[in-house]
Amino acid sequence: MNHLSLCEIEYEYTNFGVQHSSGCCISDEISLIEHLEIANVLDSYPKLMKKRKFKELQKNKSLSEKRGEVWTLLLYKIEGVELLKELGIYDELLRFVKQVECIYTRFISGDYSQIKGRLSFA
């Protein structure tokens, strides 16, 4: 969840609930993690959303904003794991955290071998 807030991940949808684009603001920490190849930065697209769920999210002003003809879903403000799972982003977040945790555990154990090319787990 902290990863979402550090990246400020957003998805944009048309008025009909069709994904328009996505965007994020990557922090220095996340940029360094990617540059050192500790973990891959979040690269996920949401699952198709039912119209009912889209309408529900549109009503939640803390999670969505209307910008012209586009609705922006502010993923970084979502606190519920179930909603993240429903949108299809939770698994991607978990993968990122596990990659960082794996390298951290190696370093704590004194293994300072090269990181590059060692991101082979899912």
Side-chain angles (χ1 to χ4, degrees):
M1 303 284 248
N2 191 35
H3 177 53
L4 274 176
S5 63
L6 287 173
C7 292
E8 295 187 10
I9 299 169
E10 303 176 347
Y11 290 145
E12 294 183 341
Y13 295 88
T14 65
N15 286 325
F16 303 106
V18 177
Q19 186 181 5
H20 179 266
S21 62
S22 63
C24 66
C25 176
I26 297 183
S27 68
D28 290 341
E29 295 86 354
I30 300 296
S31 181
L32 183 61
I33 287 170
E34 182 180 40
H35 179 73
L36 294 175
E37 297 184 19
I38 292 171
N40 298 318
V41 173
L42 184 67
D43 185 24
S44 176
Y45 294 96
K47 294 179 181 175
L48 290 176
M49 201 181 325
K50 292 183 179 181
K51 247 188 195 269
R52 185 181 67 225
K53 177 53 87 176
F54 181 64
K55 295 285 184 196
E56 180 185 320
L57 291 172
Q58 284 177 312
K59 292 176 186 174
N60 187 335
K61 299 301 178 197
S62 65
L63 297 180
S64 65
E65 297 176 350
K66 182 156 175 61
R67 299 176 184 164
E69 296 297 314
V70 176
W71 282 90
T72 302
L73 179 58
L74 309 172
L75 294 178
Y76 62 95
K77 291 189 176 185
I78 296 174
E79 295 179 4
V81 172
E82 289 306 315
L83 181 54
L84 293 172
K85 285 181 179 179
E86 190 175 335
L87 295 174
I89 194 166
Y90 180 79
D91 290 338
E92 191 68 24
L93 290 170
L94 190 58
R95 179 196 55 79
F96 175 84
V97 170
K98 285 183 178 183
Q99 288 175 334
V100 172
E101 185 179 64
C102 179
I103 299 300
Y104 173 77
T105 303
R106 274 188 37 219
F107 277 38
I108 292 297
S109 301
D111 179 358
Y112 305 113
S113 60
Q114 186 174 7
I115 297 169
K116 206 171 197 171
R118 296 194 59 168
L119 298 176
S120 59
F121 57 91

_Tell me every residue that passes ring pair (Phe, Tyr, Trp, His ring centres under 6.0 Å) with Phe16, counting only those two or more places apart in sequence or in another chain._
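If we apply the ring pair (Phe, Tyr, Trp, His ring centres under 6.0 Å) test to Phe16, skipping adjacent residues, there are no hits.
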_Residues that Lys53 engages under salt bridge (Lys or Arg N to Asp or Glu O under 4.0 Å), provided they are two or more places apart_ =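 If we apply the salt bridge (Lys or Arg N to Asp or Glu O under 4.0 Å) test to Lys53, skipping adjacent residues, the hits are Glu56, Glu86.
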Any chain of hydrophobic side-chain contacts (each under 4.5 Å) joining [X] to [Y]?
X	Y	result
Tyr112	Leu32	yes
Tyr104	Phe107	no
Val70	Phe54	no
Leu57	Val81	yes

*Would you name the heavy atoms of Gln58 and Asn15 that are closest together and state the gap between them?*
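Looking at all heavy atoms of both residues, the closest pair is NE2-O, 4.4 Å.
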*Closest heavy-atom contact between Thr14 and Trp71?*
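Answer, listing the atom of Thr14 first, then Trp71: O-CD1, 4.3 Å.
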*Hey, are Ser109 and Asp111 close enough side-chain-wise for a donor-acceptor pair under 3.5 Å?*
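No pair is found: no donor N or O on one side chain lies under 3.5 Å from an acceptor on the other.
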*No-hydrogen, no-angle side-chain donor-acceptor test under 3.5 Å, Glu12 and Ser21*: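 A pair is found: one side chain offers a donor N or O, the other an acceptor, under 3.5 Å apart.
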For [X], give me all partners under side-chain contact (heavy atoms from CB on, under 4.5 Å), at least two apart in sequence or on another chain.
X	value
Arg52	none
Asn60	Ser62, Leu63
Ile26	Cys24, Ile30, Ser31, Val41

*asked:* Between Arg95 and Glu92 (salt bridge meaning N to carboxylate O under 4.0 Å), is one present in this structure?
replied: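 A salt bridge is present here (some side-chain N lies under 4.0 Å from a carboxylate O).
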*asked:* Taking Lys77 first and then Glu65, would you say they form a salt bridge - that is, a charged N and a carboxylate O separated by under 4.0 Å?
replied: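 No salt bridge links Lys77 with Glu65.
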*Please tell me if the side chains of Leu87 and Leu73 come closer than 4.5 Å, counting only heavy atoms from C-beta onward.*
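In short, these two side chains touch, coming nearer than 4.5 Å.
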Once you round to the nearest 0.5 Å, how far does [atom1] of [X] lie from [atom2] of [Y]?
X	Y	atom1	atom2	answer
Ile38	Ile115	CD1	CD1	4.5 Å
Met49	Gln19	CE	CD	8.5 Å
His20	Thr72	NE2	OG1	9.5 Å

_Please check if the number of heavy atoms outside Lys59 that lie under 6.0 Å from its NZ is greater than 12._
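Atom NZ in Lys59 is not packed in, count stays at 12 or less.
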_Exam field: side chain Lys66 to backbone Gly68, donor-acceptor pair closer than 3.5 Å_ =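 Yes; at least one donor-acceptor contact below 3.5 Å.
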*Within the side chain of Arg106, is there an N or O that forms a donor-acceptor pair under 3.5 Å with the backbone of Ser113?*
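Checking the backbone N and O of Ser113 against the side chain of Arg106, a donor-acceptor pair under 3.5 Å is found.
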*Set of side-chain hydrogen bond (donor to acceptor under 3.5 Å, both in side chains) partners for Glu29, sequence neighbours left out*: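 Glu29 satisfies side-chain hydrogen bond (donor to acceptor under 3.5 Å, both in side chains) with Ser27 only.
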*Test side chain to side chain contact (heavy atoms under 4.5 Å, CB included) on Tyr11 and Ile89 and set out the steps.*
CA-CA 11 Å; Tyr11 290 145; Ile89 194 166; 3.8 Å; yes
